[in-house]
Amino acid sequence: DVEDYTAILLRRERIGETLRPQETILLKFQRPFKVYMKWLEGPGKGREGLYVKGANKGKFLVYEPRGIRRLFTVALDPSHRRVLEESRHPITDVGIGRLLEIVGENARRAARHGVLQVVDRGHGAVAGRSVRLVEGILPRDPNAGYYCSRVLVSFDEENHLPIRVVVYDWGDRIVEEYEYTQLRLNPGLTDGDFDPDNPEYDLSGWRISLPE
């Protein structure tokens with residue numbers, strides 16, 4: 001029943017061997033796939049990103065507020081190497097829905113093969129919200145083809161959505177940590193929220209496309 005939402009996303013990811021600093025991102029999302037992001041804190045502070053499936057020639061629009069790049073907006077393929085230098089995922093993986101898909105796909109496959117362990121870790125709190133914490137444990141074999149070795153998911157007890165997810169690799173290192181705070185469901189976002197010409201955004205009309 002969720003058509004759109006806004007949230008503050010706290011994101012921390014391991015790129016290569018480095019666990020990057022936490023990023024604080026304003027996120028707007030609307031189905032089937034429209035996303036606007038503004039980095040509020042962290043290495044990318046001030047950055048803006050906009051991706052609307054089927055619009056803007058299929059490009060992810062990115063504005064950087066520093067140096068000469070503040071004069072234009074870069075248009076990238078969603079999985080461009082520049083995107084993946086600072087994130088483990090293309091822009092098309094952003095959002096609670098895609099997060100559910102990735103976790104669900106791995107859990108269902110592991111369950112079919114009888115290798116999924118699910119542990120109820122009880123009640124807790126995330127950003128002032130009551131949650132139920134569930135741990136999924138997968139084979140500790142990177143060659144088995146699963147996304148991770150284990151995942152901790154905090155489900156909001158009111159709306160049943162995952163508002164915090166921590167993913168561990170086969171060395172039991174954190175590789176991804178996402179937390180959704182100030183989540184507002186179905187706020188009634190409009191086309192203007194996903195328009196690069198929105199006067200509240202810094203996405204410039206002057207665009208430069210970067211090839212792969």
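One is the number of the first residue; the rest follow in order along the sequence. For clarity, every value in this text was computed on a predicted model and none was experimentally measured.
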Taking the side chain as C-beta and beyond, is there a heavy-atom pair between Arg150 and Val167 under 4.5 Å? no
Can you check whether Ile96 reaches Leu183 side chain to side chain, under 4.5 Å on heavy atoms? yes
Following the transitive rule for hydrophobic clusters with a side-chain heavy-atom cut-off under 4.5 Å over Ile, Leu, Val, Met, Phe, Trp and Tyr, establish whether Leu50 and Ile91 coincide in one cluster. no
Measure the spacing between CG of Leu152 and CD of Glu177 and express it to the nearest 0.5 Å. 10.0 Å
In terms of hydrophobic clusters joined by side-chain contacts under 4.5 Å, are Val119 and Val165 together? no
Taking side chain as C-beta onward, heavy atoms only, is Tyr178 less than 4.5 Å from Leu9? yes
Atom CD in Glu176, atom CG in Leu99: separation rounded to 0.5 Å? 8.0 Å
Would you check if the side chain of Ser149 reaches a backbone N or O of Leu138 as a donor-acceptor pair within less than 3.5 Å? no
Nearest heavy-atom neighbours spanning Tyr180 and Ala7: CD2-CB, 4.1 Å
Arg14 side chain near Arg173 side chain, heavy-atom distance below 4.5 Å: yes
Tell me if a side-chain donor or acceptor on Asn106 pairs with a main-chain N or O of Tyr146 at a distance below 3.5 Å. no
Quick test of your reading: applying salt bridge (Lys or Arg N to Asp or Glu O under 4.0 Å), list the pairs with at least one residue in residues 192-203, sequence neighbours left out, ordered by first then second residue. Lys28-Asp193
Check Arg132 with Asp120, please: is the shortest side-chain N to carboxylate O separation under 4.0 Å? yes
So does Asp172 have more than 12 non-hydrogen atoms from other groups sitting under 6.0 Å from CG? yes
Start with the C-alpha distance between Glu86 and Arg47, add both sets of side-chain angles, then the distance that settles side chain to side chain contact (heavy atoms under 4.5 Å, CB included), and finish with yes or no. CA-CA 12 Å; Glu86 298 193 12; Arg47 176 186 299 144; 3.0 Å; yes
Side-chain touch His123/Leu133, heavy atoms, less than 4.5 angstrom: no
Under 3.5 Å, is there a donor-acceptor pair between the Ser130 and Glu158 side chains? no
Decide yes or no for Val131 and Phe155: does some side-chain heavy atom of the first lie under 4.5 Å from some side-chain heavy atom of the second? no
Could you give the distance from CD (Glu105) to CG (Leu100), rounded to the nearest 0.5 Å? 10.5 Å
Answer yes or no: is there a donor N or O on one side and an acceptor on the other, between the side chain of Thr190 and the main chain of Gly192, under 3.5 Å? yes
Do Val103 and Val118 share a hydrophobic cluster (ILVMFWY, side-chain heavy atoms under 4.5 Å, transitive)? no
Can any side-chain N or O of Asn56 pair as donor or acceptor with the backbone N or O of Lys59 at less than 3.5 Å? no
Do the ring planes of Tyr5 and Phe29 sit parallel (below 30°), tilted (30 to 60°) or perpendicular (above 60°)? parallel
Check Asp4 against Leu189 and note the closest heavy-atom contact, atom names and distance. OD2-N, 2.8 Å
Arg207 to Pro196 - nearest heavy-atom pair and separation: NH2-CG, 3.2 Å
Single-linkage hydrophobic cluster, 4.5 Å side-chain cutoff, Val62 and Leu40 together: no
Donor-acceptor pair, side chain of His113 and main chain of Val115, under 3.5 angstrom: no
Side chains of Val175 and Glu13 in contact at under 4.5 Å (non-hydrogen atoms): no
May I ask you to check whether over 12 heavy atoms, not counting those of Arg140, lie within 6.0 Å of atom CZ? yes
Scan residues 49-76 for pairs that pass ring-ring contact (aromatic ring centres under 6.0 Å, His included), counting only residues two or more places apart or in two chains. Phe33-Tyr51, Phe72-Trp206
What heavy-atom pair brings Val52 and Phe194 nearest, and what distance separates the two atoms? CG2-O, 3.7 Å
Check salt bridge (charged side-chain N to carboxylate O under 4.0 Å, His left out) between Arg121 and all other residues, then give those that pass, not counting sequence neighbours. Glu135
Identify, with sequence neighbours excluded, every residue that meets ring-ring contact (aromatic ring centres under 6.0 Å, His included) alongside Tyr36. Tyr201
Donor-acceptor check, side chain of Asp156 to backbone of Asn159, threshold 3.5 angstrom: yes or no? yes
So among Arg11, Arg164, Arg12, which one has a salt bridge (charged side-chain N to carboxylate O under 4.0 Å, His left out) with Glu179? Arg164
Check Val83 against Pro90 and note the closest heavy-atom contact, atom names and distance. CG1-CA, 4.5 Å
Tell me, do Asp169 and Cys148 make a side-chain contact under 4.5 Å, heavy atoms counted? no
Please name all residues satisfying side chain to side chain donor-acceptor pair (under 3.5 Å) with Asp93, sequence neighbours left out, ordered by chain then number. His89, Arg98
Distance (rounded to the nearest 0.5 Å) between Leu10 CG and Glu41 CD: 10.5 Å
Would the distance check show the side chain of Asn186 and the main-chain N or O of Glu3 forming a donor-acceptor pair, the cut-off being under 3.5 Å? yes
Apply the test side chain to side chain contact (heavy atoms under 4.5 Å, CB included) to residues Met37 and Val35: give CA-CA distance (whole Å), side-chain angles for both, the deciding distance (0.1 Å), then the verdict. CA-CA 7 Å; Met37 306 169 73; Val35 61; 3.9 Å; yes
Between Arg20 and Ile15, which heavy-atom pair has the shortest distance, and what is it? CD-CG1, 3.3 Å
Test your reading of the model: is there a side-chain donor-acceptor pair from Thr181 to the backbone of Ile8, 3.5 Å cut-off? yes
dist Glu157:CD -> Ser154:OG (nearest 0.5 Å) comes out at 10.0 Å
Going by chain and number, the hydrophobic cluster around Trp170 (ILVMFWY, side chain to side chain under 4.5 Å) further includes none
Qualifying residue, where the test is side chain to side chain contact (heavy atoms under 4.5 Å, CB included) with Tyr168 and the options are Ile137, Val151, Ile174: Ile174
Can you tell me how far CG of Leu26 sits from OG1 of Thr6, rounded to the nearest 0.5 angstrom? 7.5 Å
Evaluate the criterion side chain to side chain contact (heavy atoms under 4.5 Å, CB included) for residue pair Lys34 and Asp191; output intermediate values, then yes/no. CA-CA 9 Å; Lys34 300 179 181 180; Asp191 289 344; 3.4 Å; yes
